[in-house]
Amino acid sequence: MCCRCIPYRYRNSYCHSGSNIDDLEFLLISSQKSPRLMFPKGGWELDESLKDAALRETFEEAGVLGDVKVQDYLGSWSFKSKSQGTFHEGHMLPLHVTEELDDWPEKSARRRLWVCF
């Protein structure tokens, strides 16, 4: 199984409940193998929750920290593994970014790009 996060933030620093949709931004990262941009995703270890996996993968790949609310679960999808040829299930969660780090595990392999809604 895998999980994918959609990291987001509001440009204005006031409480996001009062923010305008025009202030909404999403974080994309480059693929390790191509210049293609995507949302962070990765494996879900058997000993961790969906929330913990989402936080870990987003930290490792995008270098951001934030809040994930499992009740805001966005859905799931099925995909075929290129290496194994078997079908797997993926899960999608929103992540409200609260901190953007200068250094992170995959910094040398990826670039980050904030895009407007």
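Positions are given from 1, in the same order as the sequence printed here. Just so we're clear, the structure is a prediction, and the values are computed from it rather than from any experiment. Both backbone and side-chain heavy atoms feed into the values below; hydrogens, waters and symmetry mates do not.
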What residues form a side-chain contact (heavy atoms from CB on, under 4.5 Å) with [X], not counting sequence neighbours?
X     : result
Ile6  : Phe26, Phe39, Leu74, Met92
Leu50 : Cys3, Trp44, Tyr73, His91, Leu93
Ser78 : none

What do the steps show when you test Leu24 against Tyr8 for side-chain contact (heavy atoms from CB on, under 4.5 Å), and what is the final call?
CA-CA 7 Å; Leu24 183 61; Tyr8 69 94; 3.8 Å; yes

Just verifying a value: how many Å separate [X] [atom1] and [Y] [atom2], rounded to the nearest 0.5 Å?
X      : Y     : atom1 : atom2 : result
Ser108 : Gln32 : OG    : CD    : 8.5 Å
Leu95  : Arg9  : CG    : CZ    : 12.5 Å
Ser31  : Arg36 : OG    : CZ    : 5.0 Å

Search all heavy atoms of Cys116 against all heavy atoms of Arg11 and return the closest pair with its distance.
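Answer, listing the atom of Cys116 first, then Arg11: SG-NH1, 3.4 Å.
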
Nearest heavy-atom pair of Val97 and Pro7: which atoms, and what distance?
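Minimum heavy-atom contact is CG2-CB, 3.7 Å.
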
For a 4.5 angstrom cut-off between non-hydrogen side-chain atoms, does [X] reach [Y]?
X     : Y     : answer
Val64 : Leu27 : yes
Tyr10 : Glu25 : no
Cys5  : Pro94 : no

Who clusters with Ile29? Use side-chain heavy atoms, under 4.5 angstrom, across I, L, V, M, F, W and Y, and order the result by chain and number.
Met38

Dump the intermediate steps for salt bridge (Lys or Arg N to Asp or Glu O under 4.0 Å) on Lys41 and Glu57, then the final yes or no.
CA-CA 6 Å; Lys41 74 165 180 56; Glu57 286 295 338; over 6 Å; no

Stepwise, does the side-chain contact (heavy atoms from CB on, under 4.5 Å) test hold for Leu28 with Trp114?
CA-CA 6 Å; Leu28 298 172; Trp114 285 100; over 6 Å; no

For Ser49, the side-chain hydrogen bond (donor to acceptor under 3.5 Å, both in side chains) test, sequence neighbours excluded, returns Asp52

Listed by chain and number, what are the side-chain hydrogen bond (donor to acceptor under 3.5 Å, both in side chains) partners of Asp67, not counting sequence neighbours?
none

Salt bridge (charged side-chain N to carboxylate O under 4.0 Å, His left out) pairs, two or more places apart, involving residues 105-117:
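Checked against salt bridge (charged side-chain N to carboxylate O under 4.0 Å, His left out) - neighbours excluded - the pairs reaching residues 105-117 are Glu61-Arg110, Glu100-Arg112, Asp103-Lys107, Glu106-Arg110.
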
